[in-house]
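What follows is a short report on a single structure.
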Amino acid sequence: DVDIPSLRRAFQALIDRHPSLRTTFSAHSGKPVQQVHQHLKVHFEETDASACSSDELKTRLVEDTYRPFDLERGPLLRASLFSRSAREHVLLLVVHHIAIDFWSLAVLLTELGVLYPAERAGVRATLPPLDLQYTDYVRWQAEMLASPEGERLWAYWRKQLGGQLPVLDLPTDRPRPAMQTYSGASHDFSLDDELSAQIKALAKAQGATMYMVLLAAFQVMLHYHTDQEDLLVASPMVGRSRAEFEGIVGLFTNPVFLRANLSGNPTFQSHLGQVRQTVLAGL
């Protein structure tokens with residue numbers, strides 16, 4: 001039993017609360033500039049999907065998901081409610097990655113769970129105040145990069161990514177097309193309890209984390225299929241290194257390059273030790 005006006009007001013409250021959702025991007029002198037608007041009306045669409053079959057609704061959801069954004073005009077968040085009956089609805093939330101990361105999505109859904117019941121009850125929602133904004137994070141990053149600490153970081157990455165950078169050459173069963181199609185598939189699988197316990201035990205014995213063990217295994221798999229010894233894997237890192245940024249919506253995630261060298265046929269334990277050092281240094 002969805003109260004649609006209350007849901008719309010709850011999304012408007014999210015946009016009013018988080019400047020990243022009121023931001024557009026334009027180019028000035030060839031450089032991207034973000035413009036934060038004082039007010040931006042929520043993009044909230046209602047669709048009567050009562051006559052749609054499941055396949056038709058799925059097609060519509062996919063089409064709406066991949067509808068392009070206009071970064072210069074906005075909005076960067078679209079909420080669409082598809083009503084199949086009085087008590088069955090599908091809410092589609094599409095947000096451009098330039099405005100949020102996965103952590104931010106969790107923040108939005110948590111706050112929506114507070115705002116919507118409050119709007120429905122006609123009471124004021126109780127959310128913690130935001131003392132900082134995403135622009136504060138951007139300013140802090142810029143100042144840090146311009147400082148001696150920033151130069152130390154630049155020096156590390158120049159060394160880490162110096163020389164001839166390897167290009168991964170995975171074998172394929174047919175020639176690559178001249179134009180990349182991005183067509184492919186996903187393969188999902190689970191690790192059973194026994195194997196998971198063994199991975200955890202290995203990580204603990206080597207002073208590593210599960211993440212480090214799985215990354216090392218992934219790199220070994222790439223080496224096995226390509227016979228390449230110098231490998232680059234980009235891994236997204238959270239980037240919220242200060243507690244003050246935990247409740248802020250924005251793109252904090254950084255893809256960090258982690259370079260591996262498997263020359264000399266190292267043991268897995270030896271390679272894991274190298275990976276551990278590389279991850280810690282990269283962080």
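Numbering of residues begins at 1 and proceeds along the displayed sequence. Scope of the values below: all heavy atoms of this structure, side chains included, with no hydrogens, waters or symmetry mates.
Looking at Asp48 and Ser50, their side chains do bring a donor and an acceptor atom within 3.5 Å of each other. With hydrogens and angles left out, the side-chain atoms of Gln133 and His18 include no donor and acceptor closer than 3.5 Å. Side-chain atoms of Arg120 and Tyr116 include a donor-acceptor pair closer than 3.5 Å. If you check the side chains of His37 and Thr23, you find no donor sitting under 3.5 Å from an acceptor. Side-chain polar atoms of His271 and Gln219 form a donor-acceptor pair below 3.5 angstrom.
Screening residues 246-271 for salt bridge (charged side-chain N to carboxylate O under 4.0 Å, His left out), with sequence neighbours left out, gives Asp230-Arg259.
In summary, Glu46 and Arg8 engage in a salt bridge, as defined by a charged side-chain N under 4.0 Å from a carboxylate O. Using a cut-off of 4.0 Å between Lys/Arg side-chain N and Asp/Glu carboxylate O, Arg78 and Glu45 are scored as not salt-bridged. Using a 4.0 Å cut-off between a side-chain N of Lys or Arg and a carboxylate O of Asp or Glu, Arg240 and Asp101 qualify as a salt bridge. The pair Arg242-Asp136 fails the salt-bridge criterion, with no side-chain N (NZ, NE, NH1 or NH2) lying under 4.0 Å from an Asp/Glu carboxylate O. We find that Arg67 and Asp64 are joined by a salt bridge, their nearest charged nitrogen and carboxylate oxygen being less than 4.0 Å apart. Here Glu151 pairs with Arg158 in a salt bridge; the nearest charged N to carboxylate O distance falls below 4.0 Å.
Taking the six-membered ring for Trp and the full ring otherwise, the centers of Phe252 and Tyr134 sit less than 6.0 Å from each other.
Taking 4.5 Å as the limit, every side-chain heavy atom of Leu115 sits out of range of all side-chain heavy atoms of Phe11. In this structure, Gln269 and Leu272 have side chains that are not in contact, with every pair of non-hydrogen atoms separated by 4.5 Å or more.
Ring planes of Phe245 and Tyr137: perpendicular class, angle over 60° (limits at 30 and 60°). Ring orientation note: the planes of His96 and Phe69 are nearly perpendicular, at an angle over 60° on the 30°/60° scale.
Applying the 4.5 Å side-chain rule to ILVMFWY residues, one finds Met144, Leu145, Leu153 in the same cluster as Trp154.
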